[in-house]
There are 2 protein chains.
Amino acid sequence: MATQLQRNGPGGTKSHQLFLLLKDAITSGRMAPGTKLSGELKLAEEHRVSRVTVRRALEALMEEGLIMRKPGVGTLVCERPVGATVMTASVSNLLPNIVKMGESSRVRLLEFGYGYPQDGVRERLRLEEGERTQLSVRVRLAEDKPFSYLTTHVPERIALSYNEEDLGSTPLYSLLERSGVRLDHAAQTISATLATKDVAEALDVAVGSPLISLTRVVYDVDGRGVEHLHALYRPDRYRIEIDLCRAGDADDRYWQPLAPESQ
Amino acid sequence: MATQLQRNGPGGTKSHQLFLLLKDAITSGRMAPGTKLSGELKLAEEHRVSRVTVRRALEALMEEGLIMRKPGVGTLVCERPVGATVMTASVSNLLPNIVKMGESSRVRLLEFGYGYPQDGVRERLRLEEGERTQLSVRVRLAEDKPFSYLTTHVPERIALSYNEEDLGSTPLYSLLERSGVRLDHAAQTISATLATKDVAEALDVAVGSPLISLTRVVYDVDGRGVEHLHALYRPDRYRIEIDLCRAGDADDRYWQPLAPESQ
DNA sequence: TATAAATGTATTATTAATAGTACAAGTAAG
DNA sequence: CTTACTTGTACTATTAATAATACATTTATA
């Protein structure tokens, strides 16, 4: 069984740890909707914790709408529809201005301006020391609920070829290609991180919540950086999906990502 | 709306939350090695906590070797300690038994056995109610340091075609194809989650740390589930990378994931 | 050298988390 | 109805986390 939960130090409280444990069991599907949890006393015994602590954890789960409690009955895992809309993005269209997505989503602009990017951004965009970039911070909403926090850098010389109005009506990549930029390739890195204070406010989550982190750098045919995107997604409202199919000869088989036209 | 660090309830202690935030800022590279952190007083002010709380968080960071502190000087982000190897996986070879990866990594088996899978797993594998699966929980290490926590379900009828020795020497997919299973396609979902107690212990991270979560289901040509993998990755030791190139006609341009042979 | 700023240390008071216990109230089953 | 089990509520005692303050020590710098 689970080792003992720790009380002290920066390891989180016992109730927090138990909350995470149960939440993960639910959201991962190990406890299906409708499943009845053990009673509070039994949970307390199982995790060697007092009933107060168990109740703290269960109250937090109820606030997130993951469980239902009824006196005399017990605690049940909620049905999933509470989860509302989960936006899914296939790997090949992880783009900021997808047409389909645009229809059902709004954008809130938090920051806009020009300045000197941080070292990491400048290096990945392969810019000189003195070059400036256009910075924009946006929050994307679906059904009036925020699900992504986007920080975009575009080299100033490129950004000047369009204005904000254009951005509202046309996908960025179309704008760029119309103005002569020849897009060639992009590198994406996916990771996970925690919500900081500002992001947490914008995405309406608690500080310290887990977020999907995606960084994409787009290059033109000359290898010059065109766009640097850092995106943070709420995992309960956004998923990244990748479909693969088996390809190759019998001796040399590998997985091939599905391209848009074959989907 | 949570703008302040929360003290009460199952949200972890303030020092824990601050610890996680700072740790993530360091390991993600937002704070480069050598960077000087704000002073304890300033940090306390910025996060609206007391200095004691800041010190708790900093002490935890020092225990992990992420920062250096010197009286009269300040707190510096440490240079990347040895063993900061970051394993990267291209999207098309997100496989549990890659040859290249296998060379430099070891596996620790935590659980192994047969049983009835949870509903979510069973549905995704498209199994009947009574069918059993082989369950294995593994931790993968690189340079003796854990970076992934893998939970695998394989339908019993398929799992019986190989034994554990085979698994040690040959990639699972090769084993399966040799025994007649015709792999066809796979669906992957990438998300983010927090480390629970058991996972945290296995991966040697703090409870509540962010983790990359990946679920993959592999199907054969008849659409039957062959493998269900749930993987949790330490973001400081593992990255998922996807390279795309621009393809299509002028009127219908899209992003095409790069296949292995073109890399 | 004097000053400022940083960490290290110490103290006190307040508040929150936890454990343990007890009892009330709702529900289902015999 | 009675019994058993559930959640809801209340209370006390203990311990940890936090806030606030003060002061010492180390270091860089003007």
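This one's a predicted model, so the numbers in the text were calculated from it and none came from an experiment. The chains referred to below are lettered A, B, ... by the order of the sequence lines, with proteins before strands, and numbering in each begins at 1.
- The environment of OH in Y114(B) is crowded: more than 12 heavy-atom neighbours from other residues, nucleotides or ligands sit within 6.0 Å.
- Applying the 4.0 Å criterion to OP1 and OP2 of dA19(C), one finds that K14(A) has a side-chain N or O inside that range.
- R234(A) places a side-chain N or O within donor-acceptor distance of the main-chain N or O of L203(A), the cut-off being under 3.5 Å.
- Nucleotide dA16(C) holds its C1' atom 13 Å from the CZ atom of R56(B), rounded to whole Å.
- Taking side-chain N and O atoms only, S50(A) has a distance below 4.0 Å to OP1 or OP2 of dA19(C).
- Distance F19(A) CZ to dA17(C) P: 14 Å, rounded to the nearest Å.
- Side-chain atoms of E131(B) come within 3.5 Å of backbone atoms of E128(B) as a donor-acceptor pair (strictly under, hydrogens ignored).
- R138(A) places no side-chain N or O within donor-acceptor distance of the main-chain N or O of L110(A), the cut-off being under 3.5 Å.
- Two residues, L41(A) and G39(B), neighbour DNA chain C, and the one matched to the more 5' nucleotide by heavy-atom proximity is G39(B).
- Taking only side-chain nitrogens and oxygens, T13(B) never comes nearer than 4.0 Å to OP1 or OP2 of dA16(C).
- Under 4.0 angstrom from either OP1 or OP2 of dG8(C) there lies at least one side-chain N or O belonging to R69(B).
- The cationic group of R126(B) lies under 6.0 Å from the six-membered ring centre of Y219(B) and within 45° of the ring axis, placing it in a cation-pi geometry.
- In the displayed structure, E45(A) atom CD is contacted under 6.0 Å by at most 12 heavy atoms of other residues, nucleotides or ligands.
- If you take CD of E45(A) and P of dT6(D), they are 11 Å apart, rounded to a whole angstrom.
- Taking atom NZ of K36(B) as the reference point, atom C1' of dA6(C) lies 7 Å away to the nearest angstrom.
- Comparing dT7(C), dG20(C), dT7(D) by their closest approach to the side chain of E40(B) singles out dT7(C).
- Of the candidates dA19(C), dA22(C), dA20(D), dA22(C) carries the atom nearest the R51(A) side chain, counting heavy atoms from C-beta on.
- Remark: P of dA17(D) and CD of E59(B) are 11 Å apart, rounded to the nearest angstrom.
- Paired with L214(A) under the rule side chain to side chain contact (heavy atoms under 4.5 Å, CB included), one option of T189(A), I190(A), L232(A), L150(A) passes, and it is I190(A).
- Atom P of nucleotide dA5(C) and atom CG of L43(B) are separated by 16 Å, given to the nearest angstrom.
- Protein atom CZ of R48(B) is 17 Å distant from nucleotide atom P of dT18(D), rounded to whole Å.
- When the side-chain nitrogen and oxygen atoms of R55(B) are compared with OP1 and OP2 of dT7(C), none of them lie within a distance under 4.0 Å.
- In this structure, CG of L58(A) is placed 12 Å from C1' of dG8(D), rounded to the nearest angstrom.
- Under the 3.5 Å distance criterion, the side-chain polar atoms of R108(A) are left unmatched by any main-chain donor or acceptor of R140(A).
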Taking only nitrogen or oxygen atoms into account, show me every contact under 3.5 Å that the protein makes with nucleotides 26-30 of chain D, one pair per line with its distance.
from    : atom 1 : to     : atom 2 : distance (Å)
dT26(D) : O2     : G72(B) : N      : 3.3

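- Contact annotation: T75(B) does not reach the phosphate of dA6(C) (side-chain N/O to OP1 or OP2, under 4.0 Å).
- Side-chain nitrogen and oxygen atoms of T53(B) include at least one within less than 4.0 Å of the OP1 or OP2 phosphate oxygen of dA19(D).
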